[in-house]
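The analysis underlying the following values was restricted to heavy atoms, covering all of them including side chains, and did not include hydrogens, waters or symmetry mates.
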Amino acid sequence: MGYSLTAVTHFFFVPILCVYGYTWRELGRDNSHNDSLWIYMTKHDEVLISLHKTIAHNFWLDSRDFLARFDVLWEIETHKSGRVKTFVDLLMACECVLKSHAMLGLMPTTTTKDAYKLIRKASHSIAKLAELACFNSNRENYDFLKQHLDQFPVSIRYSLDADGVFFPMLRDWSDAKIPHSKTVENHVWVMSIRACVYNLAHELIPQFTGDYDMDIAKIIDEAQCMEQLMLDLKR
């Protein structure tokens, strides 16, 4: 069976190259935030490549991408629908970081396939993902996100859906399903969500840094196992 060198390199070699002291990239660098996160991949305890950790790592990278995009666009997309769409990026960052925490927390007790199926079943539900997240024994951040974000559907990325949730046409906006003035329009509230998501992402840095096993055969075998897992889940 042949494998794309590009695919294998993206999935496994890029993280490996980054662990030897190279700067990965800046997360959330924006003049409106002073807590921009620089992530440096440094040598320390060996981190074994595993399907479980690879999936968690990918969700972590996704959360960083969404959070970085939120930071760039929040003060640019200041019109109503633009702000809602940018908020969805923050919502997706939350979803992805909770999935990463869930995968890592389930690693000692649950098979990779079963853990990933649980996460897929939770879909976009912040409440379900917050319940699955178990990497931290202190559940304060999980509970905070569950309390504040579970009411938001990702469908608000579409203007018609957002209007139905926040801006009902024939009713007072104070009667909306979700009060826009107290959530997306409230800068302090939004930044509290960002801070929580940022903290959850930041504390996973040690899980994805270190020295990787450079055994090429093992890396290729890992790619084969990952492809098979994805095929099995589609059946």
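Separating the CG atom in Leu90 from the CG atom in Leu149 is a distance of 7.0 Å, to the nearest 0.5 Å. Considering NZ of Lys99 and CZ of Arg120, their distance stands at 9.5 Å, rounded to 0.5 Å. For the atom pair CE of Met103 and CG of Leu118, the computed distance is 9.5 Å after rounding to the nearest 0.5 Å. One distance of note links NE2 of His148 with CD1 of Ile193; it measures 5.5 Å at 0.5 Å rounding. The CG atom of Leu51 sits 11.5 Å away from atom CE of Met107, with the distance rounded to the nearest 0.5 Å. Between atom CD of residue Glu95 and atom NZ of residue Lys128 there is a gap of 12.5 Å, rounded to the nearest 0.5 Å.
Cluster annotation: Leu231 is not connected to Ile220 through the hydrophobic network of ILVMFWY side chains, with a link wherever side-chain heavy atoms come within less than 4.5 Å. Tyr158 and Met92 fall into different hydrophobic clusters, where Ile, Leu, Val, Met, Phe, Trp and Tyr residues are linked whenever their side-chain heavy atoms come under 4.5 Å apart, directly or through other members.
Ring geometry, Phe167 versus His180: the interplanar angle falls from 30° to 60°, so the pair is classed tilted.
You'll find the side chain of Arg69 stays beyond 4.5 Å of the side chain of Val72, heavy atoms only. Looking at Leu229 and Ile55, their side chains come closer than 4.5 Å, going by heavy atoms from C-beta outward. With contacts defined as side-chain heavy-atom distances shorter than 4.5 Å, the pair Ser100/Leu204 qualifies. Contact check for Lys80 versus Asp163: side-chain heavy atoms found under the 4.5 Å cut-off. Between Phe87 and Ile156 the shortest side-chain heavy-atom distance falls below 4.5 Å. Taking the side chain as every heavy atom from C-beta outward, Thr183 and Phe166 approach each other to under 4.5 Å. Taking the side chain as every heavy atom from C-beta outward, Phe144 and Leu200 never approach each other to under 4.5 Å. Lys53 is listed as a side-chain neighbour of Phe208, based on a closest heavy-atom distance under 4.5 Å.
Of the possible polar contacts, one joining the Arg139 side chain to the Ala133 backbone as a donor-acceptor pair under 3.5 Å is found. Remark: side-chain polar atoms of Thr78 are not paired, donor with acceptor, to backbone N or O of Glu75 under 3.5 angstrom. In this structure a side-chain-to-backbone donor-acceptor pair under 3.5 Å is missing from Asn136 to Asn138. In this structure, the side chain of Trp60 engages the main chain of Ala201 through a donor-acceptor pair within 3.5 Å. Checking side-chain atoms of His52 against main-chain N and O of Leu104 turns up no donor-acceptor pair under 3.5 Å. A donor-acceptor pair under 3.5 Å is formed between the side chain of Asn58 and the backbone N or O of Thr54.
With a 6.0 Å radius and a threshold of 12 heavy atoms from other residues, nucleotides or ligands, Lys85 has its NZ atom above the threshold.
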task: Would you check, one step at a time, whether the test side-chain hydrogen bond (donor to acceptor under 3.5 Å, both in side chains) holds for Gln147 with Asp143?
output: CA-CA 6 Å; Gln147 176 186 349; Asp143 293 340; over 6 Å; no
- request: Would you check, one step at a time, whether the test side-chain contact (heavy atoms from CB on, under 4.5 Å) holds for Asp161 with Val165?
  value: CA-CA 6 Å; Asp161 292 88; Val165 170; 5.6 Å; no
query: Can Phe70 and Leu91 be said to form a side-chain contact (heavy atoms from CB on, under 4.5 Å), step by step?
result: CA-CA 10 Å; Phe70 167 83; Leu91 197 63; over 6 Å; no
field: Steps toward side-chain contact (heavy atoms from CB on, under 4.5 Å) verdict (Phe59, Ile119)
entry: CA-CA 11 Å; Phe59 282 132; Ile119 288 173; 4.3 Å; yes
message: side-chain contact (heavy atoms from CB on, under 4.5 Å), that's the test. Do Ile126 and Phe152 meet it? Break it down for me.
response: CA-CA 9 Å; Ile126 297 299; Phe152 292 92; over 6 Å; no
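In plain terms, the two heavy atoms of Ala130 and Tyr142 that are nearest each other are CB-O, 3.6 Å. The heavy-atom pair separating Thr110 from Ala115 by the smallest distance is CG2-N, 3.6 Å. Shortest non-hydrogen contact noted between Ala122 and Leu132 is CB-CD1, 4.1 Å. Nearest heavy atom pair, residue Leu67 against residue Ala93, reads N-CB, 3.8 Å. The minimum heavy-atom distance linking Ser123 with Leu129 is given by the pair O-CD1, 3.7 Å.
Residues Glu203 and Asn199 bring no donor and acceptor atom of their side chains to less than 3.5 Å of each other.
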